Amino acid sequence: MTAAKRRIVPEELSNPSWRVLSFIFLLLAAFVALLLFPVPEFKGYIDPFYSPLILLLPIPAMLRLTCYTFRRGYNRHVFQHPQACEAANRNDDRSRDYTGETTPLMKIENLHRYFVYGSLLILPFFFYDLFVSLTYGGGFILRAGSILMIVETALVTLYLLSCNSIRSLIGGRNDCFSCMHAPRARKGVYDLQSFFNSHHDNLAWLSLIFVVAVDLYIRALMAGWPIDFTLFKIVGI
Amino acid sequence: MKKISLGIYRQDPSADRKGKIVKYHVPVEEGMVVLDAVRHVQENTDPTLAVRWNCKAARCGSCAAEINGVPKLMCKTRIEDIGDDITVEPMRSFTLVKDLVTDISPAWAVARSLPHFHPRQRSVHPFRIEEMDVERSQEFRKCIECMLCMDVCHVKREHNTSYVGPRYIVKAASLDMHPMDSLDRSKFLDREGGIGYCNVTKCCQAICPAHIRITENAIIPEKERAADLFYDPLMMLLKRLRKVKD
Ligand code: SF4
Ligand code: SF4
Ligand code: FES
């Protein structure tokens, strides 16, 4: 707990509980499954996990692992520091060692912004995939899967742009808006971002659910499930 | 009249080695708050019951306690909202004085250790602050120093580290985001204040009776500022270059 006892790997990882182990197991299992059973594309649907390259997956993975929302999630439900706020369900106690985000390993959390920059570079591919799915066959086609992808793209975009590091970057770190160039515009952008930031937790979880949903949807189509009805279609010339 | 069962933690550390929950039956009327019930016991059943309160309007922060295990203000918690089996205990993160009263004075030492307001040089008097710049630190000034956030925070409560605690990150942020202040307290918070111990689990924000968005608006921004100073090589380089230019 004190500087003298500071370790490199936090107690939870050097002496993990079944919760920590199952968390790590799930992450690894998902990664292995993605590698062993790839579905890069099916009938104009590009799977988000393979766009543009499965090798880039560690960037969004690290984005989420270092994201404040997911930090809260695993610190509570995996590490149980504390599991809940009320006395009865905290599952934290004095006998447990605690280093929080002070160990060299956990200090990686401070580099969250770099995973944000990396993810911003990948973000356009979501829009490209959406475009590809909407123009499948040469004209314009709106299928159930594309609707799922529209929601997914919107959520991923809002999730990423509402990030706390971006909030700091565009104004949070400044003490005086009126001292900057174009103060009103700067403050306006900051306020708008802050609004979405206050929903960051919801956006984080919803966007994750939708990315997985799109992946599962495409896998279901590949397996021959007849769920992809067409709503609207303009035939290409 | 309807009666509720009210368990109150009783212990006089100078006499009892261990505390216990004593059950009282208190008649309640509509609109009564937990503090009313506790005072009913003090006035009618046992005048030796120690409880601290002042404003009864959620302004002074004195009546902080744990009600059914959740840190709350006794004067702001309505009985009809939490049922008729209620337990009130003192804040566990602080040393007990007696019954529901704890000693929160260690927090004042933390307050004194924070770098104070340092007005910028060349600032004109009186300070004139634009409205757009007041907002952020204004939110933090709603703090009533009830210390409930310090009580609920596991870093203080279960691990007793060198962390200054959520209340003082709020204080630091209110000074840091003041346009006339010249310091960056994230340096102090990272090096001495133990901000790295906070794992953004947001219990403080969930229970703050002044509805300050502690984690989102104070702690995370201070963590990001500390990252600028100590962890982000690009930012550190930019800062250095800027300094060379000045
Ligand atoms: S920040 Fe909120 S919970 Fe903490 S002392 Fe101030 S009013 Fe109380
Ligand atoms: S968010 Fe940080 S300061 Fe607030 S209760 Fe959790 S660990 Fe403590
Ligand atoms: S804080 Fe969640 S993405 Fe940055």
Side-chain angles (χ1 to χ4, degrees), chain A residues 1-3 68-69 71-76 79-90 92-103 106-114 117 164-165 167-169 172-179 183-184 186-188 190-191 194 197-198 200-201, chain B residues 66 68-71 89 92 120 129-133 135-137 152-155 157-163 175-182 184 186 190 194-204 206-207 213 215-217 219-221 223-228 230-235:
Chain A
M1 276 184 289
T2 48
Y68 288 94
T69 296
R71 271 147 88 172
R72 171 176 186 258
Y74 57 75
N75 282 323
R76 278 208 185 191
F79 297 154
Q80 298 183 290
H81 276 309
Q83 191 192 101
C85 308
E86 69 272 11
N89 304 318
R90 294 172 71 87
D92 202 351
D93 66 70
R94 278 168 213 276
S95 65
R96 291 179 61 202
D97 207 357
Y98 178 74
T99 42
E101 301 182 347
T102 62
T103 60
M106 296 309 270
K107 279 187 174 165
I108 296 174
E109 310 277 34
N110 287 306
L111 296 179
H112 178 58
R113 53 192 65 181
Y114 286 96
Y117 305 151
N164 287 292
S165 293
R167 188 174 185 220
S168 181
L169 190 73
R173 74 172 75 200
N174 299 102
D175 298 335
C176 182
F177 283 102
S178 58
C179 316
R184 248 160 240 297
R186 293 285 300 257
K187 182 69 173 22
Y190 174 77
D191 284 347
S194 294
N197 177 265
S198 68
H200 190 64
D201 289 354
Chain B
E66 293 180 15
N68 291 348
V70 184
E89 291 171 79
R92 295 296 183 186
R120 284 196 219 160
I129 304 174
E130 296 290 326
E131 202 181 322
M132 65 168 77
D133 290 319
E135 245 170 57
R136 283 186 299 172
S137 57
V152 82
C153 177
H154 72 289
V155 184
R157 188 186 180 104
E158 277 101 3
H159 306 293
N160 195 26
T161 55
S162 56
Y163 181 38
L175 293 169
D176 276 341
M177 295 177 193
H178 191 297
M180 292 298 172
D181 177 76
S182 60
D184 183 350
S186 67
D190 189 83
I195 195 174
Y197 284 111
C198 167
N199 61 357
V200 295
T201 35
K202 291 194 185 174
C203 284
C204 51
I207 57 92
R213 306 232 324 267
T215 319
E216 286 165 18
N217 287 348
I219 300 178
I220 293 176
K223 275 184 180 265
E224 287 294 318
R225 286 175 186 224
D228 284 353
F230 300 118
Y231 305 102
D232 179 344
L234 216 67
M235 258 323 153

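Just so it is clear, the structure is predicted and the values come from calculations on it, not from any experiment. All chains are named by letter (A, B, ...) in the order of the sequence lines, taking the proteins before the strands, and each is independently numbered beginning at 1. Values below: all heavy atoms of this structure, side chains included; hydrogens, waters and symmetry mates excluded.
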Might you work through the side-chain contact (heavy atoms from CB on, under 4.5 Å) test for A:Glu86 and B:Glu66, ending with a clear yes or no? CA-CA 9 Å; A:Glu86 69 272 11; B:Glu66 293 180 15; over 6 Å; no

Within a strict 4.5 Å, meaning less than it, do heavy atoms of the A:His200 and B:Glu216 side chains meet? no

Donor-acceptor pair, side chain of A:Tyr98 and main chain of B:Tyr197, under 3.5 angstrom: yes

B:Leu234 and A:Tyr114, any side-chain heavy atoms less than 4.5 Å apart: yes

Would you mind telling me which of A:Pro82, A:Ala84, A:Gly172 has the largest number of heavy-atom pairs within less than 4.5 Å of chain B? A:Pro82

By ring pair (Phe, Tyr, Trp, His ring centres under 6.0 Å), which residues pair with B:Tyr163, not counting sequence neighbours? none

Under a 3.5 Å cutoff, is there a donor and acceptor pairing between the side chains of B:His159 and A:Asp92? yes

Contacts of B:Tyr231 that satisfy ring pair (Phe, Tyr, Trp, His ring centres under 6.0 Å) - sequence neighbours left out: none

Per-residue contact mode, A:Arg167 against chain B (heavy atom under 4.5 angstrom): side chain

Determine yes or no for a side-chain-to-main-chain donor-acceptor pair under 3.5 angstrom, with B:Asn199 supplying the side chain and A:Gly100 the backbone. no

Applying side-chain hydrogen bond (donor to acceptor under 3.5 Å, both in side chains), run through A:Asn75 and B:Thr201 and close with a yes or a no. CA-CA 7 Å; A:Asn75 282 323; B:Thr201 35; over 6 Å; no

A side-chain contact here means heavy atoms from C-beta on lying under 4.5 Å apart; do A:Arg113 and B:Asp232 qualify? yes

Can you see which heavy atom on B:Met132 is nearest to which on A:Ser178, and at what distance? SD-N, 3.9 Å

Please check: side-chain N/O of A:Arg94 versus main-chain N/O of B:Arg157, any donor-acceptor pairing under 3.5 Å? yes

Which pair of heavy atoms, one from B:Val152 and one from A:Arg90, lies closest together, and at what distance? O-NH2, 2.9 Å

Say whether, by atom type as modelled, one donor and one acceptor occur between the side chain of A:Arg173 and the main chain of B:Asp228 under 3.5 angstrom. no

Contact part of A:Leu169 toward chain B, heavy-atom cut-off under 4.5 Å: side chain, backbone, both or neither? side chain

Less than 4.5 Å apart, side chain to side chain, heavy atoms only: is that true for A:Pro183 and B:Glu130? no

Evaluation steps, salt bridge (Lys or Arg N to Asp or Glu O under 4.0 Å), between A:Glu109 and B:Lys223: CA-CA 10 Å; A:Glu109 310 277 34; B:Lys223 275 184 180 265; over 6 Å; no

Would you check if A:Arg96 and B:Glu158 make a side-chain contact, meaning some heavy-atom pair closer than 4.5 Å? no

Work out which heavy atom in A:Cys179 is nearest to a heavy atom in B:Arg120; give both atom names and the distance. SG-NH2, 4.4 Å

Taking side chain as C-beta onward, heavy atoms only, is A:Tyr190 less than 4.5 Å from B:Arg136? yes

What heavy-atom pair brings B:Arg213 and A:Ser198 nearest, and what distance separates the two atoms? NH2-CB, 3.3 Å

Given side chains that start at C-beta, do those of B:Cys203 and A:Arg76 come closer than 4.5 Å, heavy atoms only? yes

B:Ile207 versus chain A, the contacting section by heavy-atom distance below 4.5 Å: neither

Counting only non-hydrogen atoms closer than 4.5 Å, does B:Asn217 touch chain A with its backbone (N, CA, C, O), its side chain (CB onward), both, or neither? both

CA sep, side-chain torsions, deciding dist, call: A:Asp201, B:Lys202, salt bridge (Lys or Arg N to Asp or Glu O under 4.0 Å): CA-CA 12 Å; A:Asp201 289 354; B:Lys202 291 194 185 174; 3.0 Å; yes

Most heavy-atom pairs under 4.5 angstrom with chain B, which of A:Asn197, A:Asn174, A:Asp191, A:Ile108? A:Asn174

For A:Asp175 and B:Arg225: C-alpha separation, side-chain torsions, deciding distance, then whether salt bridge (Lys or Arg N to Asp or Glu O under 4.0 Å) applies. CA-CA 11 Å; A:Asp175 298 335; B:Arg225 286 175 186 224; 2.9 Å; yes

Is the closest side-chain donor-acceptor distance between B:Glu224 and A:Ser165 under 3.5 Å? yes

Select one option (side chain, backbone, both, neither) describing which atoms of B:Glu131 are under 4.5 Å from chain A's heavy atoms. neither

Using non-hydrogen atoms and a 4.5 Å limit, figure out which bit of B:Cys204 sits close to chain A: side chain, backbone, both or neither. neither

Which answer fits A:Asn89, side chain, backbone, both or neither, if we ask what part of it has an atom under 4.5 Å from a heavy atom of chain B? neither

